[in-house]
Each structure stands twice: as C-alpha cells, then as structure tokens.
Amino acid sequence: MTKDKAFWRTTALEDMSDSQWESLCDGCAKCCLSKLIDDETEELYYTNLACDLLDTKKCRCTDYEHRFARVTDCVKVSLKHRESFGWLPPTCAYRRLSEGKDLPQWHPLLTGSKAAMHKAGQSVRGKVIHESLGGDPEDHIVIWPLADCSD
Ligand code: SF4
Ligand code: SF4
C-alpha cells in the first residue's frame, strides 16, 4: 500500500467520492444484526440475530439493491446520520474515521481481501442466526460486536 492510495488518511469523510466511501465498508455485517436499546438507560445491546436478508456465510446482503424497500429498519450509513454512528460497532471504518482513528490492520483496503478480517473473527461469519429463527431478542444479547480492535 503506497501512501497516496491510503485516501482515508488524507481525505475527509465529507470529501470522499462515492466509490471511496463505499470501499470503506469492510463487509463485516455487524450492522445487519438486531439491536436493542434499554428504555431507561438508552444503552445499546447487540444480538446474534441477523437480518433475514443477510447471507450469513458470505456476510453479504442478498438483495442490496432493494434493501430499503424490503427491510424497513435497514439504515444507509451516511454522513446525514453521523450523529448515530455510535450505534455502529467500534471496528466499523465509518465510526473509526469519524472518531479520528485509522482503519484496523485487517481491513480489506489494507490487506486486499476480507480473509484477514474473517480470520481475526471480526465478521459475523459463524456466529449468528437469522432473526426469524431466533425467538426473543433478549435471549440473544452478545457483547462481541461491541469489542474494539487492538490496532
Ligand atoms: S459495520 Fe460498518 S464496516 Fe461493517 S459492514 Fe456495517 S457499515 Fe460496513
Ligand atoms: S437489508 Fe441487507 S444491508 Fe440491510 S440489514 Fe438486512 S442484510 Fe443488512
């Protein structure tokens, strides 16, 4: 990786092209997990229940083009919703860059593929089931999506 290719270190999020913005997504699919918010404390909890449209092995939406029409609470990650980046996992590139951090060492932009991310256990692969099969979300609360990475 040459320095000039590391555009995320020299280009502000608001100045990125659409393709640069899209390439920041590591494809971890943690944002496709059901989340709960405590009514009293407003604390966010992740579950191991994935959106039914998610291919849980490939960690990829099976109908990306029509995702907003098919899943009402599917949220587009954009700067318009920057104030809600806090609900994204700490490893998420959009959250990290908005907090002044760099990408994690396993990020596909640095390694050239998703293999290192999967190997580091940073995607949902092998850890989730579809929400329609899961029953009560409160029985599926997990902490691993909220773990930060060490780099
Ligand atoms: S959590 Fe962030 S990096 Fe991971 S899939 Fe969602 S938007 Fe992409
Ligand atoms: S519709 Fe697709 S992108 Fe949206 S939450 Fe479901 S799997 Fe993820």
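First listed ligand is number 1; within each ligand, the first listed atom is number 1.
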Has the side chain of H140 got a donor or acceptor atom that lies under 3.5 Å from a matching backbone atom of G134?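 Yes; judged by distance alone, with no hydrogens or angles, the pair exists.
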Sub-3.5 Å donor-acceptor pair from the side chain of K127 to the main-chain atoms of G121, do we have one?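 Present.
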Using a 4.5 Å cut-off on heavy atoms from C-beta on, say whether the side chain of W106 contacts that of K119.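 Answer no - side chains too far apart.
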Give me the nearest non-hydrogen protein atom to [atom] as residue plus atom name, then the distance to 0.1 Å.
atom                    : answer
atom 6 (Fe) of ligand 1 : C31 SG, 2.3 Å
atom 3 (S) of ligand 1  : D26 OD1, 3.0 Å
atom 8 (Fe) of ligand 1 : C25 SG, 2.4 Å
atom 5 (S) of ligand 1  : A29 N, 3.3 Å
atom 2 (Fe) of ligand 1 : C92 SG, 2.4 Å
atom 4 (Fe) of ligand 2 : C74 SG, 2.4 Å

Sub-6.0 Å ring centroid separation between W21 and Y94: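 So the answer is yes for these two rings.
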Could you list the atoms of ligand 2 found under 4.0 angstrom from a heavy atom of R67?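 That gives atoms 1 (S), 3 (S) of ligand 2.
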List ligand 2 atoms under 4.0 Å from V71, heavy atoms only on the residue side.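 By the 4.0 Å cutoff, the relevant atoms are 1 (S).
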Counting neighbours of CD on E138 that are heavy atoms of other residues, nucleotides or ligands and sit closer than 6.0 Å, is the number greater than 12?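 No, not enclosed.
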Is C28 close enough that one of its N/O/S atoms sits under 2.8 Å from atom 4 (Fe) of ligand 1?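 Of the N, O and S atoms in C28, at least one lies under 2.8 Å from atom 4 (Fe) of ligand 1, which means yes.
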Under a 4.0 Å threshold between the charged nitrogen and the carboxylate oxygen, would R96 count as salt-bridged to D26?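 Judged by the 4.0 Å cut-off on N to carboxylate O distance, D26 and R96 do not form a salt bridge.
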